[in-house]
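A note on names: the letters A, B, ... follow the listed sequences, proteins ahead of strands, and every chain is numbered from 1. Values below: every heavy atom of this structure, side chains too, minus hydrogens, waters and symmetry copies.
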Amino acid sequence: MLRMSTLFLRTLRDDPADAEVPSHRLLVRAGYIRRIAAGIYSWLPLGVITLRNIENIVRDEMDKAGFQEVHFPALLPRDAYEQTGRWTDYGPDLFRLQDRKGADYLLGPTHEEMFTLMVKGEYSSYKDLPLSLYQIQTKYRDEARPRSGIIRGREFVMKDSYSFDVTDEGLVESYMRHRAAYISTFDRLRMKYNIVSAVSGAMGGSASEEFLAPCETGEDTYVLCEKCGYAANVEAVTTVIAASDPSGIAALDVFDSPNTPTIDTLVELLNAKFGGGYDGSMTLKNVMLMADEKPIAVLVPGDREVDLKRLQANLAGVSEIRVFEDADFAKFKGLVKGYIGPQDAKKSGVTVYADPRIAPGTSWVTGANAKDKHARNVVNGRDFTVDHYVEAAQIRQGDACPKCSTPVIIDRAIEIGHIFQLGRKYAEALNLTVLDQNGKSQIVTMGSYGIGVSRAVAAIAEQSYDEIGLCWPVEVAPAKVHVVATGKEDVVFETAEKIAADLEARGISVMLDDRRGTSPGVKFKDAELIGIPVILVVGKALEQGNVEVRARKSGEKSEVAVAAAVDAIAALLPTLS
RNA sequence: CGGGGCGUAGCGUAGUGGCUAGCGCGCCUGCUUUGGGAGCAGGAGAUCGGGAGUUCGAAUCUCCCCGCCCCGACCA
């Protein structure tokens, strides 16, 4: 039982000056966490209990799914990370340090290497697989910009799992088992979330999905179709545009277009010159970029920007993209800045990438590769060729859903889980093999799965707070019932004690406000701020032999007889989410 | 890393060259009060982020450094 009279807790009346997002503000005010340094927080008793509750739900669901818990140190030698190249690849985000002998160590940002080596050390037969291991552990990443309190910290608690299979089919199965376990976990945490397709990015591998908890303060943007349920990270959205039949489109027509440096001015001129009907979406923007110092042109409709993030995510094997600078234009004489069209790309040695919106057979207005000249009726496949199609154009609210064509919405969310099929990258680098039925050595294929446990504390808070404080789901809250004794009569405190003890005896955890001499207002405000789902007030109503039961979230109140209080609460709890 | 803002007691803040750095919350003592952040009286608590400089005099001006927050870049 938590007793407010002795609990190590001080709630704050004012919002802390350095907290802006609701979860941060309230977790600090209600005495769950305190800041130590940017992105580094200490946990006070209420915070620790809440974090543990979440941790235990995660652990329970992992165990139910048949995954086995192990534990690694956070402090790791450089070795394994050297072998996979991540000692350098991870860059400045990696916390590095040296021991007294000058040997290099790191604080683990994620543990693929260690898990791979652990399995390698114990197993060597296909008979041992499939296998899934997990740990709940503190991770360290020297984020360029920690933010939003506990949402993006430099130290955070994460549950990470890894699956090991011999075959690709086995990996898919392990992946699906994790997916199912994640669904039960987040459901139990009473979180609202969407499972969205993601691009696997630098980690390599194929299939990848993110569990995103929608909320205003989220830092991830994703696309959602409310009709068919399609959901994807913006980077992973696919564009479906059918090829069209170009026969009947008039021949390419070059025309004078002085003083048209922007799409808007070009459209204006087109409408003046050719009798109207043109808009930005009919023009073709030809963006010049350097991809690992090789020139590429990226074609997008004139009314959209190139989304560099999407482009980068979808350009396999390219590590650095930058826009053309004047020096680059100087090197490619065929490219007339402001009047570039894809028609002569081959001559200039430029590889042409096009967003799928530039479908084969479509006709465009674009630059004519000569100063002050544009061309219309420029047809993809007839007047220019696309080397590769790549998702590059920015995505907008109202774009057609790739599954059902309904206009999509764009929303923000916090990433609370990520599952993906890693493949053989780490097993290969660290030589994790098993012998198959034929005695032949096979490289193991892996999956990697993460849940941000400390981040979930914030994400849940973000999804369930109101003007007066936090409102935890029953299983997450630091206690299920907050028993508040108000008044100065001993009988009030004795009754509160008795009910609290009875509740605990029924397995219902209690926080008891047994502070003497604290005014009722203070106790109510604290209870509301702390956010325990049921508040039971022992006070005025006691004269009629009653206590007051309040549901924190809905605000519903009722009076029940003292003797019936425990039963009433036992009945109420399962109805609360 | 670029842009913006900020740093004064545990928390929130006032003070833009001049007396002993002010106020609210919280904390301690006493009395009163007890259903919505109580009242009165008394009290403790501050290297004014750090260093250097300008000045008769610096929380206040200058320079350097450190830290924090927000936007962006970045982020298995």
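- Within 4.0 Å (heavy atoms only), Arg550(A) reaches at least one base atom of the nucleic acid.
- Side-chain atoms of Arg322(A) and Glu293(A), non-hydrogen and from C-beta on, do get closer than 4.5 Å to each other.
- Using modelled atom types and a 3.5 Å distance limit, the side chains of Glu209(A) and Ser197(A) yield no donor-acceptor pair.
- Comparing the C1' positions of rA21(B) and rA58(B) gives a spacing of 13 Å, expressed to the nearest Å.
- Between Glu305(A) atom CD and rG72(B) atom C1' there is a gap of 16 Å when expressed in whole angstrom units.
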Report, one pair per line, the protein and nucleotides 38-44 of chain B atoms (nitrogen or oxygen only) whose separation is under 3.5 Å.
residue : atom : partner   : partner atom : Å
rA38(B) : OP2  : Ser519(A) : OG           : 3.0

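- For residues 529-544 of chain A, there are no salt bridge (charged side-chain N to carboxylate O under 4.0 Å, His left out) pairs, not counting sequence neighbours.
- Here the separation of rC61(B) from rU54(B), taken at their C1' atoms, is 8 Å to the nearest Å.
- The side-chain hydrogen bond (donor to acceptor under 3.5 Å, both in side chains) check on Ser163(A) picks up Tyr449(A), with sequence neighbours excluded.
- Here Glu235(A) pairs with nothing under the salt bridge (Lys or Arg N to Asp or Glu O under 4.0 Å) rule; sequence neighbours left out.
- Whole-Å rounding puts the Ile33(A) CD1 to rC11(B) P distance at 15 Å.
- Comparing the same atom, C1', in rU33(B) and in rA41(B) gives a spacing of 15 Å after rounding to whole Å.
- Residue contacts shown for Asp526(A) include a base, since a base heavy atom lies under 4.0 Å away.
- For Arg10(A) and Val538(A), each mapped to the nucleotide of RNA chain B holding its nearest heavy atom, the one lying further toward the 5' end belongs to Arg10(A).
- The salt bridge (charged side-chain N to carboxylate O under 4.0 Å, His left out) contacts involving residues 23-34 of chain A comprise Asp15(A)-Arg25(A), Asp15(A)-Arg29(A), where partners must be two or more places apart or lie in separate chains.
- Across the protein-nucleic acid pair, Asn233(A) atom CG and rC75(B) atom C1' stand 12 Å apart, rounded to whole Å.
- In this structure, Glu219(A) reaches neither bases nor backbone, as no heavy-atom distance under 4.0 Å exists between it and the strands shown.
- Within 4.0 Å (heavy atoms only), Lys139(A) reaches no atom of the nucleic acid at all.
- Every pair passing salt bridge (charged side-chain N to carboxylate O under 4.0 Å, His left out) that includes a residue from residues 152-163 of chain A is listed here, sequence neighbours excluded: Lys139(A)-Asp160(A), Asp142(A)-Arg154(A), Glu143(A)-Arg152(A), Arg152(A)-Glu219(A).
- Stem analysis of RNA chain B (at least three stacked-register Watson-Crick or G-U pairs, each with both distances under 3.5 Å) gives B:1-7 with B:66-72, B:10-13 with B:22-25, B:27-32 with B:38-43, B:49-53 with B:61-65.
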Let me have the donor-acceptor pairs involving side chains of residues 524-538 of chain A, under 3.5 Å, with sequence neighbours excluded, atom names and distances please.
residue   : atom : partner   : partner atom : Å
Asp526(A) : OD1  : Thr11(A)  : OG1          : 2.8
Asp526(A) : OD2  : Arg515(A) : NH1          : 3.4
Asp526(A) : OD2  : Arg515(A) : NH2          : 3.1

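- Contacts of Gln312(A) with the nucleic acid, taken as non-hydrogen atoms under 4.0 Å apart, are absent.
- No close placement of the Tyr134(A) and Phe67(A) rings is indicated, their centers lying 6.0 Å or farther apart.
- Only the P atoms considered, rC23(B) is 32 Å distant from rC56(B), to the nearest whole Å.
- Residue Pro92(A) is out of contact with every strand shown, counting any heavy-atom pair closer than 4.0 Å.
- Between rC65(B) and rA46(B), the two C1' atoms lie 22 Å apart (nearest whole Å).
- Following rounding to the nearest Å, Glu543(A) (CD) and rU34(B) (C1') show an atom-to-atom distance of 13 Å.
- Legend: residues meeting side-chain hydrogen bond (donor to acceptor under 3.5 Å, both in side chains) with Tyr222(A), ordered by chain and number and at least two apart, are Asn194(A), Asp411(A).
- Rounded to an integer number of Å, the gap from CZ of Arg152(A) to C1' of rG72(B) is 14 Å.
- For Arg552(A) and Trp472(A), the positive end is not near the middle of the six-membered ring at less than 6.0 Å and at most 45° from its axis.
- Between Asp14(A) atom CG and rA9(B) atom C1' the separation is 14 Å, expressed in whole Å.
- Straight-line distance between the C1' atoms of rC48(B) and rU8(B): roughly 4 Å, to the nearest whole Å.
- For rU62(B) and rG17(B), the C1' atoms lie 13 Å apart once the distance is rounded to whole Å.
- We find that CG of Leu44(A) is positioned 13 Å from P of rC11(B), with the value rounded to whole Å.
- Rounding to whole angstrom units, NZ of residue Lys523(A) and P of rU34(B) are separated by 14 Å.
- Both Arg516(A) and Glu143(A) lie near RNA chain B, and the one whose nearest nucleotide falls closer to the 5' end is Arg516(A).
- Every residue two or more places apart in sequence or in another chain was checked for a side-chain hydrogen bond (donor to acceptor under 3.5 Å, both in side chains) with Thr445(A), and none qualifies.
- In this structure, the side-chain hydrogen bond (donor to acceptor under 3.5 Å, both in side chains) partners of Asp168(A), at least two apart in sequence or on a different chain, are Arg424(A).
- Between the base of rG26(B) and the side chain of Arg29(A) there is no donor-acceptor pair shorter than 3.5 Å.
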Pick out the pairs of N or O atoms, protein on one side and nucleotides 65-70 of chain B on the other, that lie under 3.5 Å.
residue : atom : partner   : partner atom : Å
rC68(B) : OP1  : Ala38(A)  : N            : 2.7
rC70(B) : OP1  : Ser148(A) : N            : 3.2

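- On the P atoms, rG18(B) is 11 Å away from rU60(B), given to the nearest whole Å.
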